[in-house]
Every structure is written in structure tokens, then in C-alpha cells.
Amino acid sequence: MVQEEKITVADGADEQMLGSGGPDEKLAGRDEVKFIKGDHQNGDAKIDIGNVNGKAAFTGMSKEELMKYANDPFWVRLRWIFFVGFWAIWAAMLVGAIMIIIGAPKCAAPQPLPWYKRGPHAKFAGIEAAKPDDVETAKKIHATGAIYELPAALTYSVSQPEVEQQIKQLVAQYQASDVKVILDLTPNYVGKESKLVQDALKNKEKRAAFVWVSGRSVPPTNWLKVGGNRSAWEQLDDSYVLSQFQDGYYDLKMNSSIIRNEFGGVLRHLVELGVQGFRLKNTKFFVLSDSLEDEVISAVPKDLNLGPSEYGFYDHKQTTFLSGLGDVLYDYLSIVKNASADAFLSVAEDIVQPEVYQLSEVAGANGIDLPMYGNFVQVLSKSKPEKSLFKNLENTLLQAGNGSWLQWNFRDVYVDTPHDPSALALFLSMLPGVPVVSVDAIEYQNVTEKTYKHIEQLRHSASYMHGELKLYEADPLVAFSRIKSGNPGYFVIFNPTDSPQSSNITSAHDLPDKMTVSVFSENFNNYEEGDKVTPLGKVSLGDLKVAPQSAIILTYVPVKTE
């Protein structure tokens, strides 16, 4: 029989057997070593090293053991459950992802500008001079609106059958086109025979609609006729009534509840007849002082030769640009918007003091659509501008208010301007705002329909409608860009001088050197010393020379700056 001999290796011997190396060379645990004697003749022996802790090492199942369960009904069913469950969960996740994509709120696409901001607008004379040919005239400049003037005497008579019929005919004239009818109204005074005056004579409470002073033997103040040298007060029976404009016509307080109801009814009725836009005249006179104080001498008179009996001698702080004007106008704007969401209300004249037209409780918000402000059109069209065009444009946009969509009145262009009218039209039409083109102005008579078609296409682009405006100093040139992220940008350059000018704008790090020609003024290639350009041709911004009194519009992809 084989005899087992158990020998426990002492610690010292253990260390000598394992060596004196580092921890990596030592056994992970203390083992029990057994020497088992074998054949005595050959001296064979077996060594059994066992774990001191007595724990058996883990061994996995063999293939034969696993195959016992391959066809076991329980495990087969469990595998199928897991298989079906996996694909069911996968399919559910796929469906859920699709539903999230479909049901998630989408990023709203930028809305196109309302029709009255797309423009341009064609400006005609009074409604009495309207004729069918006006439709084709408006189409020549691709207008979205046609402006006519309603005589001041008819403002509060639009419900009379003859006036109503005249307005209906005008609206019907444009029914088959995309052109909307816009009326210029003068609502701040009425004639002696009007119902408002007659009601005031009979009922003293109705006199709150006027500046009506009773019990005076002399005019209440030194206020004068607008632009004249006579008293603005007229006697009516035993009272004095303010009459700043025509004789026999009396000023209305547009902030009184009586006039709000009356003029609000006029606006609503005109919308019902199909009129979609209104431009108000004399808005600076809409709020009048109740204190009846004398006007004081103007600190900056327009003419030093004027005397105390002349209108321009005073500052008119009692009758013009009074506080609260923006709120009054916004009240009428709300009436128009409630009558038709597509309609608008604006002004027909320069607002001069834009801060007065802002709302008292909403900083920077105007009480009107499409303000008209500044003399940039006049300055741009001069043969030799007295001021920097860049500074003038920058100040105009800044003072009008950030984001203001201005009216650019082409009638302000000087008749004897040396600039190509198409250059002025292209440049002004790419600024934020709507061009107002009088049909008797040079921008209508001397600009081709082809140019206005290009203007329409540019103004319908995303970079124009929703893009950022950036001005570039390029004296004597004036230049700006219009660009919206993800869309090609437009770079507009105007040369007001009588010689070619280099367009090298070294400070513009966001502009590429190479750009594509989009459109240029009709005279651009008429100068031998200037560069000749072709539509869709490539030009180098650093090398391009802009022809005299001309404009060019280039398209580009902005350079990404780190």
C-alpha cells in the first residue's frame, strides 16, 4: 500500500522555495503541500498542493452537462420568451423613436413678411383721380400696395352712399390683382357743417372733442395757423374754437373718447369695404394741450427773419408731439388689427421725434406700423453729400429704433440727382423697410420693370426678410450686408461719387474675397474706366471698382471666424 506522508513546509523553507522576489512572485494564499510516495524501487512520488481554506475551485459545466438542458421544455420556453421579449422591446423602441420624431414640436419656419412690409407701394394721387390703368402702373414696380388720398373733408363721411361707392369701385379695381388698397387719411379736423360740430353746438358735452373755450372776448392763446401769421382761434357763436388749418375747419382732440369712437368707426367701415392699409396725416397734432398756455419762442428758429406774428417763430410744444401720442395711435392701430389681422396703420409723413411715437409702457415699441423717419433719402440723392452717408444711415436706423421697418419715400429723391435712379432704387430697397414709389417720381419713370423684378426677388429671400443688417465703413462708398444663418448673404455697395471707387473693405473679416454678382444698376457698365461685370459672374471684392453714381448687389457665403 502507498503510504502518505504529510509534510508542512516551515515558513523559512517556504520563503526559500518561493524566492525572495516581490509580491507578484508569492502565492496568493497559503497552500498545504502533500508528498505521496509511489514506487519504492523507482523512487517515484506525487505532490498534492491543496488550498488551506478548504474551498473548492469553481469549474464550469461541461458540454455534455449543458446539452442535457438544450431540449428541456422549461429552458426552451424560457429562451423563446427572452427571444420574443428582446425583439418586442426593440420594436417598441423603434416605434417610440418614430412617434417622438413625428409628435415633437417642429422648429417653426420663419414666416414671410406681411404684404405691407414686402412692398414696394405705389403712391397715386386722390381717389377721385383713380383709373383702371393704375393697376398696370402698380404692377410695373411689382407693388403690393397702392396708396390713394381721401380728401380731408370726406374722412368722417365714408358711410355716405356716394363716398362709399367711390371706395368700393377703387377696391374692385384691384380685386383681380395681388395689390391691396391703402388710403391716406386726415382725421384731425372737420368742417363747420360736419355732424361733430353741429352736435357740439347743441350739446356742451360733445365739445370735449374740440379745443373749445367759452366766455372769452379775446383769443385764449397766441397760437397761430400752421405755417401762417393769423390766430388759430375762430369765433363760433359765443366761443373760441381752435382752427390751426383751413378756415372753417376745427381741430379734433384725437385722444378724446368721442373721437375715438367716431374715427374708430370710420376705420372699421373702411376695412369692411376692402381697404387694407391706412396712413395718417398730421399725427403730431393728435394730442393737444389742455392747459391753454402761450407758445414760447423757438430756441432754434428756422429763419432768423421771422417775427412774433409768424408760425415758425415759436416752438409749438403746446400743439405738437405731446406725451402720450404713441398710446393714442396704438389705440387706433388696435382697432384696425381687430377689424383685419392683415391690415396696417401708419403715417404719411416724417415722424420727426420717434421717441414720442413709442408706447409709454413698452420700451422701444411703436404705436404704429412702418414709421417714416429721417432725411437719408435726400442725403443719398445729393450730388455731393454734406454728411457721411455711413453716419447718416447709422443714425437714422438707430434713432428710428432697432428693428424699425421704415418707409423709404422715393419722392424725397432730388429731381436733379446725378445718380442713376435704378442705383438709388436698388440700394434703398435692400434696407429694412418698404419703398414708397410715387408714380410721378423719377424712380418710377426712369427705372425699368426688369430692375423692379430683381428687387422683388431679392426682397423675398430669407436673408432680406429675416436677415441681419450690418453696415460697413467704406468711405466714400456706403455698403451693408443682409444675411441670415444658413442662407447666402447679400452685399450692397453704392458709389455716390463721379469717379470709380475701389470696394476694398479691409476691416470686413466676415466677407470672402470672391463674390457672385446678383444685380447691378442700369448704368454700371456704361463707364469705360469702371470694371465690367456680368450677372452671376465672379468678382474679387478687393479688386472691384464700383462705377460712378451706381450700385451693385453681390451674393456670398460668409467666412467663418474662429
Side-chain angles (χ1 to χ4, degrees), residues 107 109-110 113 380 388-394 397-398 402-403 419-420 422-433 450-451 453-497 499-527 529-562:
C107 295
L113 294 175
L380 184 70
S388 165
L389 291 176
F390 172 84
K391 291 297 183 184
N392 188 278
L393 178 57
E394 185 179 50
L397 297 174
L398 179 63
N402 292 331
H419 308 315
D420 181 8
S422 68
L424 296 171
L426 284 169
F427 186 84
L428 290 169
S429 296
M430 291 300 289
L431 290 171
K450 182 180 178 181
T451 296
K453 184 173 180 60
H454 279 301
I455 289 173
E456 179 188 37
Q457 293 170 348
L458 293 171
R459 289 177 64 86
H460 284 190
S461 68
S463 286
Y464 176 78
M465 290 192 295
H466 307 291
E468 176 189 3
L469 171 74
K470 183 176 180 180
L471 304 180
Y472 292 85
E473 288 199 65
D475 193 52
L477 303 177
V478 57
F480 63 87
S481 65
R482 300 301 303 272
I483 189 165
K484 183 181 185 297
S485 178
N487 296 272
Y490 293 105
F491 192 68
V492 187
I493 311 173
F494 179 77
N495 180 6
T497 71
S499 60
Q501 299 291 334
S502 172
S503 63
N504 186 22
I505 304 175
T506 56
S507 62
H509 302 297
D510 56 342
L511 298 176
D513 181 60
K514 292 287 187 180
M515 293 189 180
T516 303
V517 176
S518 178
V519 64
F520 45 87
S521 56
E522 297 166 15
N523 70 332
F524 197 94
N525 287 329
N526 294 347
Y527 300 92
E529 64 272 24
D531 289 350
K532 301 297 185 289
V533 296
T534 57
L536 303 181
K538 295 285 187 180
V539 297
S540 173
L541 188 62
D543 299 332
L544 175 67
K545 284 193 174 181
V546 183
Q549 282 105 26
S550 64
I552 186 170
I553 301 176
L554 308 171
T555 184
Y556 71 99
V557 176
V559 175
K560 292 184 178 180
T561 57
E562 298 298 335

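Quantities reported herein were computed from a predicted structural model and do not represent experimental measurements. Counting begins at 1 with the first residue of the sequence.
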Tell me yes or no: between the side chains of Ser540 and Asp513, is some donor less than 3.5 Å from an acceptor?
yes
Residue set satisfying side-chain contact (heavy atoms from CB on, under 4.5 Å) with Ser502, at least two apart, ordered chain then number -> Asn504
Pro558 vs Pro512 side-chain heavy atoms within contact, under 4.5 Å:
no
Do Phe390 and Asp475 have side chains that approach each other closer than 4.5 Å (heavy atoms only, starting at C-beta)?
no
Is it true that a side-chain atom of Glu468 and a backbone atom of Arg482 form a donor plus acceptor pair closer than 3.5 Å?
no
Please examine the side chains of Phe520 and Asn525, heavy atoms only from C-beta on, and report whether any two atoms are closer than 4.5 Å.
yes
Criterion side chain to side chain contact (heavy atoms under 4.5 Å, CB included) on Leu541 and Lys514, from CA distance to verdict:
CA-CA 6 Å; Leu541 188 62; Lys514 292 287 187 180; over 6 Å; no
If you measure from CG on Leu426 to CG on Asp420, what distance do you get to the nearest 0.5 Å?
8.5 Å
Rounded at 0.5 Å granularity, tell me how far CG in Asn495 sits from CD1 in Ile493.
9.5 Å
Kindly say whether Gly489 contributes a backbone atom to a donor-acceptor pair with the side chain of Thr555 at under 3.5 angstrom?
yes
Taking side chain as C-beta onward, heavy atoms only, is Leu458 less than 4.5 Å from Ser518?
yes
Distance only, no hydrogens: is a donor on one side chain within 3.5 Å (strictly under) of an acceptor on the other, for Tyr464 and Arg459?
yes
Distance, nearest 0.5 Å, that separates NZ of Lys484 from OH of Tyr490:
13.5 Å
Hey, can you tell me if Phe480 and Phe427 have their rings parallel, tilted or perpendicular (30° and 60° cut-offs)?
perpendicular
Does a side-chain heavy-atom distance below 4.5 Å link Leu554 with Val517?
yes
Looking at Asn523, is its backbone amide N or carbonyl O close enough to the side chain of Ser550 to form a donor-acceptor pair, meaning the two atoms are under 3.5 Å apart?
no
If you measure only the distance, is there a donor-acceptor pair under 3.5 Å linking the side chains of Lys545 and Ser503?
no
Side-chain heavy atoms of Leu431 within contact of Leu393, under 4.5 Å:
yes
Look only at the side chain of Lys532 and the backbone of Tyr527, and say whether a donor-acceptor pair between them is shorter than 3.5 Å.
yes
Given side chains that start at C-beta, do those of Phe494 and Leu424 come closer than 4.5 Å, heavy atoms only?
yes
In Å and rounded to the nearest 0.5 Å, what is the NZ to OG1 distance from Lys538 to Thr516?
3.0 Å
